[in-house]
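Structure record follows, encoded as structure tokens.
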2 protein chains.
Amino acid sequence: MTPKLFPLVSADVALFSIGDGCLQVLLAQRGREPQKGFWALPGSVLNPDLDHSLEATARRALREKLSLDVPHLEQVKTFDGATRDPRGWSLSVLYCALLPRDQVQAVAVSRVEKVRWADADDFGDLAFDHAQLLQVARCALRERVKRHALPLHLLPHKFTLTQIQRVCEMVLRTGRQDDVQLDKGAFRRRFAHASDFVAVEGEFETGAQRPAQLYRIAAGFRF
Amino acid sequence: MTPKLFPLVSADVALFSIGDGCLQVLLAQRGREPQKGFWALPGSVLNPDLDHSLEATARRALREKLSLDVPHLEQVKTFDGATRDPRGWSLSVLYCALLPRDQVQAVAVSRVEKVRWADADDFGDLAFDHAQLLQVARCALRERVKRHALPLHLLPHKFTLTQIQRVCEMVLRTGRQDDVQLDKGAFRRRFAHASDFVAVEGEFETGAQRPAQLYRIAAGFRF
DNA sequence: TAAATAGTGTCTATCAGACAATATCGT
DNA sequence: ACGATATTGTCTGATAGACACTATTTA
């Protein structure tokens, strides 16, 4: 028998994806007290017998509850204090993950928890201090893209330059109405010498227009 | 009697200052097992009865052990796992603080712990995984200055533009030998419209040269 | 006057935003 | 041909690095 956990240590995940033309985040409905029935970020309490690290705790939460495996999980910030959880002194490490929607069957597969996609800028009330956690993760994501990092893991395996740009615009938005428009020329110029992604020679996205070159994430890319 | 802590939760602080012409960090010698006698970042185990938050734990550590109070304490990253501390599953939140040397009497005052200033890029072996913690804090500090944030809290109350520049160069260095030289003109131009600090009218630093205007941190400045 | 450092000005390469021009598809 | 979007090119203003020049002190 392992000793009782005190303080309460857990890992929570802000899992972002693109859907309905905007940035969305995965929420899970709490199945037990406290705050049963409230929506919250998916997460799990540390199990020292199973988890070598809190990142492992986060991965286990996604795997067990959502049958989901994410490539990159990044620590965002730690939230702690005596009053944030009614059970007492608690600490939660917030992680951030990005997934292309076509790799997320979570909503369909999950029988353990009720889950839904929420607009990343309009998600309503959440359990505990999770609204604050989510806002911090959302903001961290926006700041990274502002610093010219590319959220390529929000895109499908193959993608066009215009698709990257649209995704960046969605991440940069601060609300639903906001209309962030990046300049096409400037945006493409930035990647003339970058190596985050590479062209898939001979493959194009077709449509009622000139075909668009398809790209894929370069080996070694993180974030 | 409070329940026994499990996992072991603590807060550690990387306290930077300028001394001996380089960026230094404050180390404390461990006074008890495990790793007694090893040098480590100052820190303390969470005491739920005293600490409302882990930042409070960090402040308490500085206050109790070093008779020190810092204005700004910033969370850097959380380190955790089953093997980083011989006592078992542990978690430590790393904080970063900046202090002008003339406000640090720690080395003289402290009778609780033996402390010393170490070169921030050459600090030798440390207890537990503290060498890694320190490297992460050091790197985070460098990145912030690279992004044009000013580590004004490393400077004395009043300072000259050249002093800011020297401090930035020290922070940007990656090692002792490295010779980062910022351009004076470009450096000053950056702050023509900035509001991080303001001139102290009529006050100058004198020497064997043209007197230099003194500045002080503007109200509301963080970091 | 010389040495030292403060403070300012100039030139240029680079880059981002704005926007125009051209290319290549489906219909 | 036309509409739509991809891709490329041009112009311009802002900015950073390099470096030179002037200013003001002590010795």
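Order of the sequence lines fixes the chain letters, A, B, ..., with proteins taken first and strands second; residue numbering starts at 1 for each chain.
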For residues 213-223 of chain B, which side-chain N or O atoms pair as donor and acceptor with protein atoms under 3.5 Å away, sequence neighbours left out?
{"from": "B/Gln213", "atom 1": "NE2", "to": "B/Val200", "atom 2": "O", "distance (Å)": "2.8"}
{"from": "B/Gln213", "atom 1": "NE2", "to": "B/Glu203", "atom 2": "O", "distance (Å)": "3.4"}
{"from": "B/Arg222", "atom 1": "NH1", "to": "B/His72", "atom 2": "ND1", "distance (Å)": "3.4"}

A/Ile164 CD1 to D/dT7 C1': how many Å, rounded?
14 Å
In short, salt bridge (Lys or Arg N to Asp or Glu O under 4.0 Å) pairs touching residues 121-134 of chain B with sequence neighbours left out are B/Arg84-B/Asp129, B/Asp121-B/Arg138, B/Asp121-B/Arg142
OG1 of A/Thr57 to OH of A/Tyr95: how many Å apart, nearest 0.5 Å?
7.5 Å
Protein and nucleotides 25-27 of chain D: nitrogen or oxygen contacts under 3.5 angstrom:
{"from": "D/dT25", "atom 1": "O2", "to": "B/Gln209", "atom 2": "N", "distance (Å)": "3.4"}

Using atom types as modelled and distance alone, determine if a side-chain donor or acceptor of B/Gln75 lies under 3.5 Å from a backbone N or O of A/Thr78.
yes
Under 3.5 Å between N/O atoms: give me all the protein pairs with nucleotides 15-20 of chain D, atom names plus distance.
{"from": "D/dG17", "atom 1": "N7", "to": "B/Arg189", "atom 2": "NH2", "distance (Å)": "2.9"}
{"from": "D/dG17", "atom 1": "O6", "to": "B/Arg189", "atom 2": "NH1", "distance (Å)": "3.3"}
{"from": "D/dA18", "atom 1": "N7", "to": "B/Asp183", "atom 2": "OD1", "distance (Å)": "3.3"}
{"from": "D/dA18", "atom 1": "N7", "to": "B/Asp183", "atom 2": "OD2", "distance (Å)": "3.4"}

How long is the line joining CD of A/Gln213 and C1' of C/dC25, in whole Å?
15 Å
In whole Å, I'd like the distance from the CZ atom of B/Phe204 to the P atom of D/dA23.
16 Å
Could you verify whether a donor N or O on one side chain and an acceptor N or O on the other, from A/Thr162 and A/Arg188, lie under 3.5 Å apart?
yes
How would you list, by chain and number, every residue that makes a ring pair (Phe, Tyr, Trp, His ring centres under 6.0 Å) with A/Phe187, sequence neighbours excluded?
A/Phe191
Separation of C/dC15 atom C1' from A/Leu182 atom CG, nearest Å, is 15 Å
Look at the side-chain N and O atoms of A/Arg188 and state whether any lies under 4.0 Å from the OP1 or OP2 oxygen of D/dT7.
yes
Rounded to whole Å, how long is the line connecting atom CZ of B/Arg166 with atom C1' of C/dA6?
11 Å
Residues two or more places apart in sequence or in another chain: which of them pass salt bridge (Lys or Arg N to Asp or Glu O under 4.0 Å) with B/Asp12?
none
When rounded to whole Å, the CG to P distance for the pair A/Leu172 and C/dG17 reads 11 Å
Hey, does B/Val180 have a side-chain heavy atom less than 4.5 Å from the side chain of B/Arg173?
yes
